[in-house]
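Everything below concerns the one structure shown next.
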Protein chains: 2
Amino acid sequence: MARPRTAARTVEHPDLSDVSLQQVLEALVDPVRRGLVLQLSRAGEDKSCGTFDAPVSPSTLTHHFNVLREAGVIRQYYQGTAKMNTLRADEMERRFPGLLSSVMTAATRSAAGVA
Amino acid sequence: MARPRTAARTVEHPDLSDVSLQQVLEALVDPVRRGLVLQLSRAGEDKSCGTFDAPVSPSTLTHHFNVLREAGVIRQYYQGTAKMNTLRADEMERRFPGLLSSVMTAATRSAAGVA
DNA sequence: GCCCGGCTTCGATGGTGGTCGTACTATCGA
DNA sequence: TCGATAGTACGACCACCATCGAAGCCGGGC
C-alpha cells in the first residue's frame, strides 16, 4: 500500500499534568538515566540516542530513554534513522518547580569529582 | 558492670558531605519514606517513630527510618523508650540546594489531591 | 522485680526493574 | 535494489529491596 514517503514515525509523549512525582523520581534515581539527562542538559542542543555516552548496551539504552520520555523528562522525535532527544526542562520546571534543576545541579557537582 | 543510669543509646549519623545524591534520591523515591518526611516536615516538631502514619508493619517502619537516617535526611535520638526524629532540612539544603524542598513541595501538592 | 510498650533484629519471600543478546524494522546512500 | 546504520521489541535472567512475622532487647512505671 502507498505508505507516504514522509512516514515520519511519531512518538507518544505524556502531558506533564499526567506525570506523577513518583514517576519523575523513579526516572531520575537511576544513575545511567541521570547521566543521559546531564549530557543532554550540557549539550545545549538536541542529541540523537547514539551520541550518548553510557555504560550499557543499545537495547538497555532504548529502555532508559523510554523511561525518561514516559516520565516527561525528555521529548523524542525521529530525524531520518536517528532518534533525537530534547529536555523538557521548562515544562518540568512548571510542573515540579526546582526539582529537575536541583537534581542536575547536584549531579553536575558530583560528576565534577567534588564528592 | 556499672552501666551509667543515663545509658542514652546513641545513633550514628553520617556527615552530609559523605552522603551522595544517589543515596538521597534512593531514600526519597519510596513513597512510604516520602510520606514520613512529609509528616515530619508538617509537624514542625520532633516526632517519635510510633506517631507516624504509614501503611506498613513496625519492622518495615524501622527499615525506612534507617534508610532516611543513613541518607542524612533525618536525625534520630532516643528519649526514653521512644526514638525521636528530626529533619536535617537546613543541612540538606546546604548539601543539595533545593532538592529536599522541591520534592516536599511536589509531595505536598500531590498529597493534597491536586493530581 | 515484673511487666508492658516501643522499637529492633533476623530470616524468608515476592515483586520489580536493569541488564543483555538476538532478531527485527526503518531509513538513507550508493 | 542492496547494504549499512540507527534504533526497537522481546524474552530471559538476576540482583536488589520492600515487606512481613516472630522473637528479642531496652527503658520506664508500678
Side-chain angles (χ1 to χ4, degrees), chain A residues 1-13 20 22-37 40 46-71 73-86, chain B residues 1-12 22-37 40 46-71 73-86:
Chain A
M1 57 173 264
R3 179 163 43 74
R5 293 180 52 90
T6 52
R9 291 170 283 179
T10 57
V11 186
E12 292 277 311
H13 293 88
S20 66
Q22 186 63 31
Q23 269 181 285
V24 177
L25 289 178
E26 281 173 1
L28 295 178
V29 78
D30 186 291
V32 174
R33 286 194 287 266
R34 251 185 352 260
L36 299 178
V37 175
L40 197 50
D46 300 4
K47 278 171 69 72
S48 77
C49 293
T51 65
F52 286 82
D53 186 27
V56 294
S57 71
S59 56
T60 301
L61 206 50
T62 295
H63 164 66
H64 285 308
F65 280 119
N66 286 343
V67 173
L68 287 172
R69 187 187 66 244
E70 282 157 22
V73 178
I74 63 172
R75 189 175 292 279
Q76 299 188 293
Y77 60 95
Y78 283 97
Q79 195 167 82
T81 60
K83 196 173 198 174
M84 305 299 294
N85 302 273
T86 322
Chain B
M1 59 176 270
R3 181 162 43 73
R5 296 178 49 92
T6 51
R9 290 170 284 177
T10 58
V11 185
E12 292 276 312
Q22 186 62 33
Q23 269 181 285
V24 177
L25 289 178
E26 281 173 2
L28 295 178
V29 78
D30 187 291
V32 174
R33 286 194 287 266
R34 247 179 4 252
L36 299 178
V37 175
L40 197 49
D46 300 4
K47 279 172 68 71
S48 77
C49 294
T51 65
F52 286 82
D53 186 27
V56 293
S57 70
S59 56
T60 301
L61 207 50
T62 294
H63 164 66
H64 285 309
F65 279 119
N66 286 343
V67 173
L68 287 172
R69 189 187 62 244
E70 283 157 21
V73 178
I74 63 173
R75 189 175 292 280
Q76 298 188 293
Y77 60 95
Y78 282 97
Q79 195 166 83
T81 61
K83 195 172 198 175
M84 305 299 292
N85 303 272
T86 321

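Chain A is the first sequence line, chain B the second, and so forth, proteins listed ahead of strands; every chain is numbered from 1. Computed over heavy atoms, backbone and side chain alike; hydrogens, waters and symmetry mates excluded.
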Suppose we screen for side chain to side chain contact (heavy atoms under 4.5 Å, CB included). Which residues come up paired with [X], at least two apart in sequence or across chains?
X	answer
A:Gln79	A:Tyr77, A:Met84
B:Pro31	A:Gln22, B:Arg34
B:Thr60	B:Val56, B:Ser57, B:His64
B:Thr62	B:Asn66

Give the rounded distance in Å between these two atoms: [atom1] of [X] and [atom2] of [N].
X	N	atom1	atom2	value
B:Glu12	C:dT8	CD	P	15 Å
B:Gln22	D:dC17	CD	C1'	14 Å
A:Leu36	C:dG18	CG	P	12 Å
A:Tyr77	C:dT27	OH	C1'	16 Å
B:Lys47	C:dG6	NZ	P	14 Å
A:Glu26	C:dG15	CD	C1'	13 Å

Item to check | Protein-to-nucleotide contact annotation, 5' to 3' order, nucleotides 4-10 of chain D [B base; S sugar-phosphate only; - none; under 4.0 Å, heavy atom] | outcome: --SSBB-

Checklist entry - How is B:Val32 classified with respect to the nucleic acid when contacts are heavy atoms under 4.0 Å: base, sugar-phosphate, or nothing? => result sugar-phosphate

Item to check | 5' priority, DNA chain C, between A:Val29 and A:Gln79 [closest heavy atom] | outcome: A:Val29

Checklist outcome for this item: Interatomic distance, CD@B:Gln76 vs CG@B:Asn85, rounded to 0.5 Å, equals 4.5 Å

Item to check | salt bridge (charged side-chain N to carboxylate O under 4.0 Å, His left out) partners of residues 75-86 of chain B, not counting sequence neighbours, each pair once | outcome: B:Arg75-B:Glu91

Checklist entry - OP1 or OP2 of D:dT19 less than 4.0 angstrom from a side-chain nitrogen or oxygen of B:Ser57, does that happen here? => result no

